[in-house]
Amino acid sequence: MVAFPAIFRSLIRSSSPKSFFLAITKFSNSFLGLASIYTKSSFFSFTSVLCHHLKNQNLDEARFIFDKIPLPSVHLCTKMIAGYAENCRLDDALKLFYKMPVRDTVCWNSMIKGCLGCGSLNMSRKLFDEMPERNVVSWTTMINGYLQFGRIEVAECLFLEMPMRDIAAWNSMIYGYFCNGRVDDAMKLFEGMPCRNVISWTSMISGLDQHGKTNEALFLFQQMVVSGVEPTSTTFSTVITACANGPHLQLGVQVHALVVMLGYSFDAFVTASLVTFYANCKQIDECYKVFNEKLHINVVVWTALLTGYGLNHKHEDALKVFSDMIKLGILPNQSSFTSALNSCCELEALDRGKEIHATAIKLCLETDAFVANSLIVLYSKCGNIKTGVVIFKNICEKNIVSWNTIIVGCAQHGYSMWALAFFTQMIRVGVDPDEITFTGLLSSCSRSGMLQKGRCLFEYFSQCKAIDMKLEHYACMVDILGRSGKLEEAEELVKNMPMKANTMVWLALLSACRMHFDFALAEKSAYCIFDLEPHCSAAYVLLSNLYAAAGRWNDVARIRVKMKGRGIKKQPGQSWLTLKGQRHVFLSGDRSHPSCEKIYKKLEWLGEKLKEIGYVPDQRFALHDVEDEQKDVMLSYHSERLAIGFGLISTVEGSTITVMKNLRICGDCHSAITLMAKIVGREIIVRDSSRFHHFRNGFCSCGDYW
DNA sequence: ATAGGGTTAG
């Protein structure tokens, strides 16, 4: 315990009364009691200590002081009430309010505002009706309340009813219309208002921009300047944001110059907007320059830079910004974490993502929906959906994105029962599914061959008024039907779609044809694709693979010639895995890796083991017109196998190996890896271009259906 | 100086 009297004396000697009271409030309640005695309970001491406690949201301590005051003024009571309301202690606020012997209009208005802040529209209306004398502020506060709760009609009535309307009242209505998406009403009101100030203009510019009418917003800014209204820093940050959203580089640069001339460039809001503006315009150097010129930089400006780097695919730089800000003592918030985690995700840098996750836990942000959503995407993308599920379960207030993220994650990993279970839960807790939920569920069905479930969901969502049926949904459904061999039904669906099928839909049908060897429909689908997108390499490859699997090498050659003639190149297959932050990339038959010798030796050893347990390579997947023996060799050194071989020789026995591949895993590799996982007694996770495969103990999570 | 109107990152 600190020795009070000593500190006390030194404080008295050294400080002005004000700084003295600021200093002592750092100490405990009992000490404050002492302080008031020592200073003879002067009014000044009570008020300033009280205010300080209110500012720091120490309500009970503030009340302790408040109760020591013999006859608190209306003014002081109002402060106390506002303090309670700000901290959601509405009951305490009301109790104090009704106990007051006299109340003025300001006090009534504060109480109304307090009720609104605590979410009680009814209570605030009750007070509004009860109060003896309403002024323009009372009316505006009440109108704002209704606007916040989306009760526009009531707000409109009050606005018309109020005895006198000043500019602030008009501005409130304009802003409220925008908040409720009523853009036309806001514009009408703005045009009809008798007198406008800079706030009216700024509200309009911001509202129009936020509703996608960026050009109109910028036009209004010009009009504002022409009509002689002087912009404030708020106007500038709004206008620069609009330039960022355009994006309008030229105009933004001009506004930037204006900002510098008028001396607004040290405003944090303006700086954050400028950083985002230059990042959106891909002027990353200028972006850093703006950031670097400023002296007082807050977390928002830092996050704008962090996000800006990410937007420009400079993820390493983004992560550097994140660690720099922590080093300099700027606490990252949800947004900073979201951006940093997105950069980790792009880099597939799970290790660094885990470090950031740990920091998020320290700052109690891992239960925040935005942070958690990013974490789930990261873990899921890097192969660890189970951690994603744990994170999901701990989210305090799950939003629609949280539900969609976990459903899509489970779908990608082939955990379709989980995806459906989450969907059921989501419905039960009353969250309305959207288009993305629907896509996630359908893709889940297609990945695990759930034909009936897929049909039911498709039916259910088709009749859902809130859902816009999109091309994705049809593509998924075609996929579900096609994989299950219902090619005719799939074709019917494509024919009867309300919109024209695009490449994605036809590709779904084509790939189903390849799976079920339907040559006629495959050719038909392929030609539809070539009509829409003559350079779609996926269509050529699928068709060529279909012919190859049937041994129709002439047709394969014909397609090759066609591709060559049109200058279309097949994307080369590559696989990679990340070890100790280093990414190792392999091509098929690649011999460039430093550990190449060991990798091939390991794979040869595995090949022997595979033969021993009776494994026969499936040559349909070799897809090259060569002799059979050679085919086996080519299959054995597909890029994913090289990556797995490298994983096996460089990681601890028994640990999980996670490999990524840019194309779909071939059927032969799939069967081989299933057995390899059993032979080496490890879990092998392969993320291919369409989903995850968890190979363990002789089985794959996809149930050999992908 | 106890009450009402516009702004930044995702």
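All figures in this text were calculated on a predicted structure; none of them were measured in a lab. Within every chain, numbering begins at 1; the chains are lettered A, B, ... in the order of the sequence lines, protein sequences first and strands thereafter.
N171(A) contributes no side-chain N or O that forms a donor-acceptor pair with the base of dG4(B) under 3.5 Å. Checked by distance alone, S203(A) brings no side-chain donor or acceptor within 3.5 Å of a matching partner on the base of dG6(B). Side-chain atoms of T232(A) and base atoms of dG6(B) include a donor and an acceptor less than 3.5 Å apart. Between the base of dT8(B) and the side chain of S237(A) there is no donor-acceptor pair shorter than 3.5 Å.
Put simply, CE on M173(A) is 13 Å from P on dG6(B), counting in whole angstrom units. Remark: C1' of dG4(B) and CH2 of W170(A) are 16 Å apart, rounded to the nearest angstrom. Atoms CD1 (I240(A)) and P (dA9(B)) sit 11 Å apart, rounded to a whole Å. Between the CZ atom of F269(A) and the P atom of dT7(B) there is a distance of 9 Å, rounded to whole Å. The nearest whole Å value for the distance from the CD atom in Q334(A) to the P atom in dA9(B) is 14 Å. The distance from atom CZ of F291(A) to atom C1' of dA9(B) is 12 Å, rounded to the nearest whole Å. Put simply, CG on L365(A) is 15 Å from C1' on dA9(B), counting in whole angstrom units. The CD1 atom of I330(A) sits 13 Å away from the C1' atom of dA9(B) (whole-angstrom rounding).
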Could you list the donor-acceptor pairs under 3.5 angstrom formed by side chains in residues 152-161 of chain A, with sequence neighbours left out?
{"residue": "E156(A)", "atom": "OE2", "partner": "Y177(A)", "partner atom": "OH", "Å": "2.4"}

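Within 4.0 Å (heavy atoms only), L305(A) reaches no atom of the nucleic acid at all. Heavy atoms of V198(A) sit under 4.0 angstrom from at least one base atom. At the heavy-atom level, T271(A) lies nowhere under 4.0 Å from the strands shown. Within 4.0 Å (heavy atoms only), V136(A) reaches at least one base atom of the nucleic acid. Within the 4.0 angstrom heavy-atom criterion, no nucleotide atom of any strand lies near F370(A). Within the nucleic acid shown, N333(A) comes within 4.0 Å of at least one base atom, counting heavy atoms only.
Comparing dT7(B), dT8(B), dG6(B) by their closest approach to the side chain of T202(A) singles out dG6(B). Ranking dG4(B), dT8(B), dG10(B) by closeness to the Q210(A) side chain, first place goes to dT8(B). Distances from the side chain of T235(A) to the nucleotides dG6(B), dG4(B), dT8(B) place dG6(B) closest. Of the candidates dG4(B), dG10(B), dG6(B), dG10(B) carries the atom nearest the N342(A) side chain, counting heavy atoms from C-beta on. Closest to the side chain of N144(A), out of dG4(B), dT2(B), dG10(B), is dG4(B). Candidate nucleotides dT8(B), dT7(B), dT2(B) were compared by shortest atom distance to the side chain of H75(A), and dT2(B) ranks first. Considering only side-chain atoms of K79(A), the nucleotide from dA9(B), dT2(B), dT7(B) that sits closest is dT2(B). Taking the side chain of T307(A) as heavy atoms from C-beta on, and the options dG4(B), dG6(B), dA9(B), the nearest nucleotide is dA9(B).
Annotated stems with DNA chain B as a participant are lacking; only runs of 3 or more Watson-Crick or G-U pairs under 3.5 Å would qualify.
Contact between the side-chain N/O atoms of S172(A) and the OP1/OP2 oxygens of dG4(B) is not found at any separation under 4.0 Å. For Y175(A), a side-chain nitrogen or oxygen approaches OP1 or OP2 of dT7(B) to under 4.0 Å.
Side chains of D60(A) and H53(A): no donor on one and acceptor on the other come within 3.5 Å. No hydrogens or angles considered: a donor-acceptor pair under 3.5 Å links the side chains of N384(A) and T387(A).
For the side-chain hydrogen bond (donor to acceptor under 3.5 Å, both in side chains) criterion with N245(A), the lone passing option out of D209(A), T276(A), T214(A) is D209(A).
Salt bridge absent: K95(A) and D91(A) never bring a charged side-chain N and a carboxylate O closer than 4.0 Å. Using a cutoff of 4.0 Å between basic side-chain nitrogens and carboxylate oxygens, K55(A) and E86(A) are not scored as salt-bridged. A salt bridge links K126(A) and E130(A); the closest N-O separation between the charged side-chain nitrogens and carboxylate oxygens is under 4.0 Å. Comment: R125(A) engages D129(A) in a salt bridge, judged by a side-chain N to carboxylate O separation of less than 4.0 angstrom.
Evaluation of the ring-ring contact (aromatic ring centres under 6.0 Å, His included) test over residues 329-372 of chain A, restricted to residues two or more places apart or in two chains, returns F322(A)-F337(A), H357(A)-Y379(A).
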